[in-house]
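Letters go in sequence order (proteins before strands), and every chain restarts at 1.
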Amino acid sequence: MLDKTYNPKDFEEKIYENWETDGDFKPDMKSDKEAFCIVLPPPNVTGVLHMGHALNDTLQDILIRYNRMLGKKVLWQPGTDHAGIATQMVVERNLAKEGISRRDFGREKFIETVWKWKEQSGGTICKQLRRLGASCDWSRERFTMDEGLSAAVRKIFVKLYKDGLIYKAKKLVNWDSKFMTAVSDLEVIQKETVGKMYYYKYPIAGEEGEYIHIATTRPETMFGDTAVAVSKDNEKLKHLIGKKAILPIINREIPIIADEHADPEKGTGAVKITPAHDFNDFEVGRRHNLPLVNILNPDATLNENTPFAGLDTQTARQKTIEKMEELGLMEKIEDHPMVIPYGDRSGVVIEPLMTDQWFVDAPILAKEAIRAVEDGETKFVPQSYEKTYFEWMRNIQPWCISRQLWWGHQMPIWYAEDGTIFCEETEAEAQAAADKQFGRHVNLTRETDVLDTWFSSGLWAFSTLGWPDENSDYLKTFYPTSVLVTAFDIIFFWVARMMMMSMYGMKKIPFKTIYMHGLVRDEKGQKMSKSKGNTVDPMETIEKYGADALRFFMAAMETQGRDINMNENRIAGYRNFATKLWNAARFGEMNEAKPVKNFNISEVKLAINKWIIAKAQEATLEVSKNIEAFRFSDAANGVYQFVWGTFCDWYIEMIKPILYGEDEVAKQETRASFAWVLDRILVILHPFMPFVTTQLWDNLASRDVKLIHHPWPQNEVIDNQSAQALDMVIDIISSIRSLRAEMNLPAGAKLKAYVKDASEAEFSHIKDFANIICSLARLESIEALSGAASSDMVQTVSGSLTILIPLKGVVDFAAERERLQKELAQLDKNLAGYAAKLSNASFVERAPAKVVEEEKRRQSEALANKEKVESALARIANL
RNA sequence: GGGUGUGUAGCUCAGGUGGUUAGAGCGUUACGUUGACAUCGUAGAGGUCGCAGGUUCGAGUCCUGCCACUCCCA
């Protein structure tokens, strides 16, 4: 027997353990069925599950479970990302609590500490994914720094290097002074701030009392100035071009040059040029062959090229201003809106800095990645994201992949004493290559930089499947993967890079479809963040409402391309939905509705049972179509509607007279049909609510097959012949209920109903379903009207037939007149609409015949109803 | 500044190719709790679909402009 109440905590975890120990998530590699594969976007090992994951992983699990039930060979490949900066940061923070810095430890010991930490605290998120019900094949769990994936990284790196697609260059890069590493453009967040614009002047060399006026937001960088630029079209200033300005304080002469970078309309029209500390100035410097003067240390303090060595930029700025004021060269300071770059992890200001770094030639790699999408080999859903993808890919810049961190893939680069570079997969190979080239044994030192985290996750689609082992069964079976499900915020970080790396490494697309979903926001539509304190912990939600409720919420809210706002009421509503299903199952149990082995639906006789079976099959078809089209909300709402609105509200209510009646044959058939439909519900609801469906499946009967592997019904022939009769019955019941409510008839009052204007067939249906109608509409009887309607009858119209109920003494006829008047007004309004359309010659001519026909049909139906209402009004006019 | 979305009931949201009286959940009102469901049932109220034009026999849906907000890239 089922428990009286639905309590997900009692069984969710047990069910998951059972799936996992039985190996239910593993693909049957011996099967010759079609393959279906999703690679899990690897969460950070440092991570804990947030609502974004809950959405992402629910959608994937729905696709995975659906396809598994379709009988395909299904793999959901899980794993975690080492998340270079993020993880190093967490471990460093822990060490800092004990007063230790990573430098105290040294590289090796620090990395050891990180690994130890990873073993202990990492992988929390994988446990949480299990709690959500994610049916990943955990036996294949990968980590971006495990042996196989590291081999993949080395192999691709060497290949790229030897193809000339990875190179080392001294360039201006985004420098994070907290972590003392370069970061890529994507890891820089531009924030609008109100800063200051400082106006000061530089003396002109050899011309006493002559100055050039400068406006800058960063006065302290003046020590790195190597020119002042003026536009050649600047009438007021062009006479200064070719002269020299003197940098005050340090008294260095710098040229005044002509360059269009200096907009005559902005600031003073003259721009100081600091090529080593500004991306625009760097370009100007290149055009004019200007020297580069670096004024910063790696920790963003000023260096010996300035008078303020050792001071941070803010302090140095104040000192510079003071000094300029002393010299009488400071003119004014104004508020100035500006955009300042910050590190996405560190939160400190990012400084452009000249350093030696390693780059991937992204523009070359992008070509194939663009073509694959242009040619439709990989499709984005929703398609509009292709635009975003193309926009980015066509303007892509070289990708800085070196990081001056310790935690990550150390680059497979070795230097000989003279700096010659050797790039090989192993040290031994590098040594051999070096010895050969030099003709003697040379000492090699390895590059200390590690790779950007996204380099290894860029290989995820094939490295996790066994590459570089080209003979891996999994690689051969599952690559290219079927779908990638991810949020749009990592389209550049990850999706674009996987496309590039896969097209380069595998010469094939990584996935056929990329499904992009939105962000999960808080109740008010604000982005969730720890600093705002508006995050909702999925684990708490699961604790409170069950994993199924949270999953169903995510599915039901997922409409293509839109963000989802958290809504606790709604989650509670889906928990109630599970309760509803639970109780429906209990109802079946109490009425001995047990699944009948080899139950043949084509032998069902009763219309009511035929009807619900057909509806269940229609619902199945709808769910299938919607899942295949990635219309998650339509799929979820379709099942919801069927279970609650059709099965519980109508079918269960309608079969009660049968189940409580005397007809044993009808009872048996109804019990079996009920059980069949409930089983069907468990099947089609399983991808969305795997726990409650499994719990019911296992407890209602002994089964030949586990629900997780139950075949998904396909190609069914749906017998719809009973639909019309039942639709009519439902319509009659609704009309009578409406009438009762509107006329405030006491619920207990048992009424007699009479039907007129019905066809032969309709009368016969009404006779067949009389006990159901009476029970649900709370009537004493329903039969055909003989003779004329008596004047105390109120009427309601249902479809083409009229239902009359004598209410002598029960009812307030003034209220009834009012009700009928209201109905009449609505009919008149509709009739006016139909008439307007049908009298419009161009509508009749141009609209499709079907539409015109339909309009005429509606008109005549409304006219007939109007007559009925009018006659009813006339009948009770004097009461 | 460039690009991209969004604006529909009190709230949160659905409304693939234009075609009934624009739907759901929550909330709300009235009635009920009848042998699955103190997590239930029945019925109702509630919307000039952001604004203004246009295309069309017909526009929430397509086009143009405007307003407001979101996000991405500078």
> Taking for each residue the nucleotide of RNA chain B bearing the nearest heavy atom, is the 5' side occupied by Tyr6(A) or by Gly573(A)?
Replying inline: Gly573(A)
>> I want to confirm an ordering. Mapping Glu653(A) and Asn637(A) to their closest nucleotides on RNA chain B, which one lands closer to the 5' end?
In response: Asn637(A)
>> Under 6.0 Å between ring centres: does that hold for Phe674(A) and Phe647(A)?
In response: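 For Phe674(A) and Phe647(A), the ring centres are under 6.0 Å apart.
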Looking at side-chain heavy atoms only, is the closest gap between [X] and [Y] below 4.5 Å?
| X | Y | answer |
| --- | --- | --- |
| Ile612(A) | Met654(A) | no |
| Ser624(A) | Tyr66(A) | yes |
| Ile571(A) | Leu550(A) | yes |

Tell me the interatomic distance from [X], atom [atom1], to [N], atom [atom2], rounded to whole angstroms.
| X | N | atom1 | atom2 | value |
| --- | --- | --- | --- | --- |
| Asn583(A) | U34(B) | CG | P | 15 Å |
| Asn395(A) | G3(B) | CG | C1' | 11 Å |
| Asn626(A) | A14(B) | CG | C1' | 12 Å |
| Gln560(A) | U4(B) | CD | P | 19 Å |
| Asn569(A) | C13(B) | CG | C1' | 13 Å |
| Phe630(A) | G16(B) | CZ | P | 19 Å |
| Gln641(A) | C13(B) | CD | P | 20 Å |
| Leu659(A) | A36(B) | CG | C1' | 12 Å |

Taking the [atom1] atom in each of [N] and [M], what is the distance between them to the nearest angstrom?
| N | M | atom1 | value |
| --- | --- | --- | --- |
| C73(B) | A9(B) | C1' | 37 Å |
| G18(B) | C72(B) | P | 33 Å |
| G27(B) | G44(B) | C1' | 15 Å |
| G7(B) | A52(B) | C1' | 16 Å |
| U29(B) | C66(B) | P | 45 Å |
| A43(B) | U33(B) | C1' | 15 Å |
| A14(B) | A30(B) | P | 32 Å |
| C62(B) | G5(B) | P | 12 Å |

> Aromatic rings Tyr515(A) and His517(A): how do their planes relate, parallel, tilted or perpendicular, breaks at 30° and 60°?
Replying inline: tilted
> Do the side chain of Asn626(A) and the main chain of Glu622(A) share a donor and acceptor less than 3.5 angstrom apart?
Replying inline: yes
Considering non-hydrogen atoms only, spot the tightest contact between [X] and [Y] and give its length.
| X | Y | result |
| --- | --- | --- |
| Thr535(A) | Met528(A) | CA-SD, 3.6 Å |
| Pro657(A) | Glu653(A) | CD-O, 3.6 Å |
| Ala584(A) | Cys648(A) | CB-SG, 3.9 Å |

> Checking all strands, does Arg570(A) fall into the base, sugar-phosphate, or nothing category for heavy-atom contacts under 4.0 angstrom?
Replying inline: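 Result for Arg570(A) = base.
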> When all nucleic acid strands are considered with a 4.0 Å heavy-atom cut-off, which category describes Lys656(A): base, sugar-phosphate, or nothing?
Replying inline: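 Base contact.
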>> Restricting to ring pair (Phe, Tyr, Trp, His ring centres under 6.0 Å), what partner residues turn up for Trp582(A), sequence neighbours left out?
In response: Tyr6(A), Phe11(A)
Which listed nucleotide ([options]) is nearest to the side chain of [X]?
| X | options | value |
| --- | --- | --- |
| Arg586(A) | G15(B), C37(B), U4(B) | C37(B) |
| Lys4(A) | A14(B), C37(B), U39(B) | C37(B) |
| Met557(A) | G16(B), C40(B), U12(B) | U12(B) |
| Tyr660(A) | U39(B), A36(B), U12(B) | A36(B) |
| Asn576(A) | G25(B), C40(B), U4(B) | C40(B) |

> Do Glu558(A) side-chain and A14(B) base share a donor-acceptor contact under 3.5 Å?
Replying inline: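 Answer is no: no donor-acceptor pair is held.
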> Taking O4'-C1'-N9-C4 for purines and O4'-C1'-N1-C2 for pyrimidines, is A36(B) syn (within 90° of 0) or anti?
Replying inline: anti
>> Just verifying a value: how many Å separate Arg394(A) CZ and Tyr389(A) OH, rounded to the nearest 0.5 Å?
In response: 10.0 Å
> Residues two or more places apart in sequence or in another chain: which of them pass side chain to side chain contact (heavy atoms under 4.5 Å, CB included) with Asn567(A)?
Replying inline: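 Phe553(A), Asn569(A), Arg570(A).
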> How is the base pairing of RNA chain B summarised as a dot-bracket string, given the Watson-Crick and G-U wobble criteria with both distances under 3.5 Å, [ ] for crossing and | for another strand?
Replying inline: (((.(((..((((.....[...)))).(((((.......))))).....(((((..]....)))))))).))).
>> Check Glu589(A) with Arg586(A), please: is the shortest side-chain N to carboxylate O separation under 4.0 Å?
In response: no
> Are Glu662(A) and Lys667(A) ion-paired here, with the side-chain N under 4.0 Å from a carboxylate O?
Replying inline: no
Restricting to nitrogen or oxygen on both sides, can you table the protein-nucleotides 6-11 of chain B pairs closer than 3.5 Å?
from	atom 1	to	atom 2	distance (Å)
U6(B)	O3'	Arg562(A)	NH1	3.4

Contact list (N/O, under 3.5 angstrom) for nucleotides 41-43 of chain B vs protein:
from	atom 1	to	atom 2	distance (Å)
G41(B)	OP1	Lys580(A)	NZ	3.4
G41(B)	OP1	Trp644(A)	NE1	2.6
A43(B)	O3'	Ser738(A)	OG	3.0

Between N or O atoms, less than 3.5 Å apart, protein on one side and nucleotides 68-74 of chain B on the other: list the pairs.
none

> Is there ring stacking between Trp582(A) and A36(B), where the centres must be under 5.5 angstrom apart and the planes under 30 degrees?
Replying inline: no
> Going through the distances and angles, do Phe552(A) and Tyr574(A) end up as a ring pair (Phe, Tyr, Trp, His ring centres under 6.0 Å)?
Replying inline: CA-CA 7 Å; Phe552(A) 205 87; Tyr574(A) 293 127; 5.0 Å; yes
>> Could you go through Glu386(A) and Lys379(A), starting from their C-alpha distance and side-chain angles, then the distance that decides it, and tell me whether this counts as salt bridge (Lys or Arg N to Asp or Glu O under 4.0 Å)?
In response: CA-CA 8 Å; Glu386(A) 285 178 10; Lys379(A) 288 193 174 68; over 6 Å; no
